Amino acid sequence: MPEWVYIKDIAQYEGQEVELRGWLYNKRSSGKLHFLQVRDGTGTLQCVVFKGDVSAETFALGQDLTQESSVVVQGTVRADTRSPIGFELGVSALHLTQQAHAYPISPKEHGVAFLLDHRHLWLRSSRQQALLRVRSEVIKACRDYFDTRGFTLLDAPIFTPAACEGTTTLFPVDYFDDTVYLTQSGQLYMEAGAMAFGKVYCCGPTFRAEKSKTRRHLTEFWMIEPEVAYCDLDGDMDLAEDFLETVVQRVLTNRQAELQTLERDITKLAQVRKPFPRISYGEAIERLQSTGVDIQWGDDFGGDDETILSEQFDRPVIVHRYPIANKAFYMKTDPQHTTVALCMDVLAPEGYGEIIGGGQREDDLPVLQGKLEAHDLSEEAFSWYLDLRRYGSVPHAGFGMGIERMVTWLCGLHHVRESIPFPRMLERVTP
RNA sequence: UCCUCGGUAGCUCAAUCGGCAGAGCAAUCGGCUGUUAACCGAUGGGUUGUUGGUUCGAGUCCAACCCGAGGAGCCA
């Protein structure tokens, strides 16, 4: 019996008889020859069935194979300059595992809605595999970054008792006879963790019931959120900068083939080296005004504004000290300028927008109690959170990075929907 | 929630002024020893999103609704 091998390793088996187990990606026939493009999850290899080399049954099977039929193929690996990967398989035997029904996704063009309806099958296409492998690498790189720098992974809960923002953006869930909400962020729990472990992070799904219908929004998305005790805003920006550079460069190194499949211009990613430019919100407003944008101090940035700002730099830009008025209750006010918060966003280049948001947290008990009240939030619901300020409160800071926005940027995608295996959006929760 | 555009074969689309429902791909059958989204020939495939209206006649015009796409707003 020939050895079962994966296509990614095929170069090691030149001249040897091997077995592949996979699916028929495409087929071309020519009388006494069948060219079977077989994929096995690690790559695609052309398997050549020549009538003179195989039994009549095997040749007939090759003729009848439908797209995505599952097959076990045996044959000899041979070098061929006509192959995109330098090798092909001279088939000696074919075994059908299952004859696929008429496959809905043909090699021709399809619309977005159709492909999303068939997302469970669309995952088999080479492009989707490339970008989801980039996603896998991004998550691994993020976790390795923190794991090797003294951070403890602390998983945040998904059921949460209360809102840290308005309840309109929360998904309520019936919890026995009570209502709980799907988490919007693990941050508050990471603050508890930072007071216990010093440096912690979480990585998991978060949920926003926003009726956003843009290329940057999902209702279910993944965030990685570090939180560090005895860290201020500057330290937080240092961490975000070093983290982002490390993750981007690692993906660039380890996923070159995938980025090439996606036809990504990687010179733009190679430029992601620290230090990143840091500008205050006030400077950002001035920069926008000087390019003719009608925006006033206090306004939020629109998608176009973020694009204009990011295009002024060749690498990610950190915007810090936004007006405190529209910011979350836990943000610490800048003691130097009480109208702004000690917070920051990292905007990705090329118009990909905010990929990191974070900052220093309010660590003073009476001030935090005042902010809760100002935001019309009940102190009772946050009593555990206030405990963190009662028992050994320290300055601390952290941030959250959206995995999908990161992948979308790295892969040069137009829309976040392809950056997650099964996207959940307004009006779409299947498959 | 608002604005714009769209919904015709399994898929991507066409159908002139309101006058016979079309093509490519896919499928099925046949041909070809080197194909690279192979090619060549043939065949089958339709409640034109739903409901109602105008008309001799509606894919086409009108109304409501459903669904989708793009954008805006919203967005720790």
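Chain identifiers are assigned alphabetically (A, B, ...) following the order of the sequence lines, protein sequences preceding nucleic acid strands; residue numbering begins at 1 within each chain. Treat the numbers as computed from the prediction; the structure is a model and nothing was measured.
For A:Arg428, taking side-chain heavy atoms from C-beta onward, the closest of the listed nucleotides B:A69, B:C25, B:G70 is B:A69. Here B:U28 is the nucleotide among B:U35, B:U28, B:A72 with the atom lying nearest to any side-chain atom of A:Thr66. Counting only heavy atoms from C-beta on, A:Phe35 has its side chain closest to B:U35 among B:U35, B:C75, B:A37. Of all nucleotides listed (B:U33, B:U35, B:C75), B:U33 comes nearest to the side chain of A:Leu33.
Rounded to a whole angstrom, the distance from the C1' atom of B:C5 to that of B:C40 is 40 Å. Rounded to a whole angstrom, the distance from the P atom of B:A26 to that of B:G19 is 33 Å. Spacing of C1' atoms, B:C39 relative to B:A14, comes out at 25 Å, to the nearest Å. Comparing B:C2 with B:G59, their P atoms are spaced 31 Å from each other, to the whole Å. Separation of the P atoms belonging to B:C25 and B:C67 is 35 Å when rounded to the nearest angstrom. Taking the P atom of each, B:A69 and B:U35 are spaced 41 Å apart, rounded to whole Å. Taking atom P on both B:G22 and B:G44, the two are 14 Å apart, rounded to the nearest angstrom. Separating the P atom of B:U16 from that of B:U60 is a span of 12 Å, rounded to the nearest Å.
Between the side chain of A:Thr206 and the main chain of A:Phe221, a donor-acceptor pair closer than 3.5 Å is present. Within the 3.5 Å criterion, the main-chain N or O of A:Pro226 finds no donor-acceptor partner in the side chain of A:Lys199.
Of the side-chain N and O atoms in A:Arg216, none sit less than 4.0 angstrom from OP1 or OP2 of B:G73. Dashed line: the shortest gap from a side-chain N or O of A:Lys211 to OP1 or OP2 of B:C74 is not under 4.0 Å.
Legend: salt bridge (Lys or Arg N to Asp or Glu O under 4.0 Å) pairs involving residues 75-89 of chain A, not counting sequence neighbours, sorted by first then second residue: A:Arg78-A:Glu88, A:Asp80-A:Arg82. The list of side chain to side chain donor-acceptor pair (under 3.5 Å) pairs with a residue in residues 298-308 of chain A, not counting sequence neighbours, is empty. Under the side chain to side chain donor-acceptor pair (under 3.5 Å) criterion, the residue pairs touching residues 121-133 of chain A are A:Glu68-A:Arg124, A:Arg119-A:Gln128, A:Gln128-A:Glu418, with sequence neighbours excluded. Residue pairs meeting the ring pair (Phe, Tyr, Trp, His ring centres under 6.0 Å) criterion with at least one member in residues 71-100 of chain A: none, sequence neighbours excluded.
Classified by interplanar angle (parallel below 30°, tilted 30° to 60°, perpendicular above 60°), the ring pair A:Tyr385/A:Phe382 is perpendicular. Ring geometry for A:Phe146 against A:Phe243 counts as parallel: the plane angle stays under 30°, on a 0 to 90° scale with 60° as the upper cut.
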Which pairs would a plain distance check flag for residues 50-61 of chain A, meaning a side-chain donor or acceptor within less than 3.5 Å of a matching protein atom at least two apart in sequence or in another chain?
unit_1, atom_1, unit_2, atom_2, d
A:Ser55, OG, A:Thr58, N, 3.1
A:Ser55, OG, A:Thr58, OG1, 3.0

Which side-chain N or O atoms in residues 345-354 of chain A pair as donor and acceptor under 3.5 Å with protein atoms at least two apart or in another chain?
unit_1, atom_1, unit_2, atom_2, d
A:Asp345, OD2, A:Tyr322, OH, 3.2
A:Glu350, OE1, A:Arg264, NH1, 3.1
A:Glu350, OE2, A:Arg264, NH2, 2.9
A:Tyr352, OH, A:Gly412, O, 3.4
A:Tyr352, OH, A:Leu413, O, 3.1

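Heavy atoms of other residues, nucleotides or ligands lying less than 6.0 angstrom from CZ of A:Phe422 number more than 12. Open room surrounds NZ on A:Lys211; 12 or fewer heavy atoms of other groups in view lie less than 6.0 Å from it.
Taking a 4.0 Å limit (strictly below) on heavy-atom distances, residues 68-84 of chain A reaches RNA chain B at A:Arg78, A:Asp80, A:Arg82. The stretch residues 46-58 of chain A touches RNA chain B through A:Gln46, A:Phe50, each having a heavy atom under 4.0 angstrom from the strand. Only at 4.0 angstrom or more do the heavy atoms of residues 115-133 of chain A sit from any atom of RNA chain B, so none qualifies. The stretch residues 97-105 of chain A has no heavy atom under 4.0 angstrom from RNA chain B at all.
A donor-acceptor contact under 3.5 Å is formed by the side chain of A:Lys213 with the base of B:G70.
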Fill in: A:Glu225 and A:Ser185: CA distance, side-chain angles, deciding distance, side-chain hydrogen bond (donor to acceptor under 3.5 Å, both in side chains) verdict
CA-CA 8 Å; A:Glu225 296 173 279; A:Ser185 161; 2.8 Å; yes

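Note on A:Arg216 versus A:Glu404: no salt bridge recorded, every NZ/NE/NH1/NH2 to OD/OE distance being 4.0 Å or above.
No hydrogens or angles considered: a donor-acceptor pair under 3.5 Å links the side chains of A:Tyr330 and A:Gln187. For the residue pair A:Tyr189 and A:Asp155, no side-chain donor N or O sits within less than 3.5 Å of a side-chain acceptor on the partner.
As judged by a 4.0 angstrom heavy-atom cut-off over every strand, A:Gln63 is placed among residues making no nucleic acid contact. Residue contacts shown for A:Thr214 include a base, since a base heavy atom lies under 4.0 Å away. Nucleic acid contact class of A:His34 (heavy atoms, under 4.0 Å, all strands): none. Nucleic acid contact for A:Phe114: sugar-phosphate only, since backbone atoms but no base atoms lie under 4.0 Å from a heavy atom of the residue. Across all strands shown, A:Arg361 has no heavy atoms under 4.0 Å from either base or sugar-phosphate atoms.
Rounding to the nearest 0.5 angstrom, the gap separating the NE2 atom in A:His415 from the OG1 atom in A:Thr408 is 9.0 Å.
Residues passing the side-chain contact (heavy atoms from CB on, under 4.5 Å) test with A:Ala284 are A:Ile279, A:Phe301, A:Leu309, A:Val319, sequence neighbours excluded.
For RNA chain B, runs of at least 3 consecutive pairs of the Watson-Crick or G-U wobble type, with both hydrogen-bonding distances under 3.5 angstrom, map to B:1-7 with B:66-72, B:10-13 with B:22-25, B:27-31 with B:39-43, B:49-53 with B:61-65.
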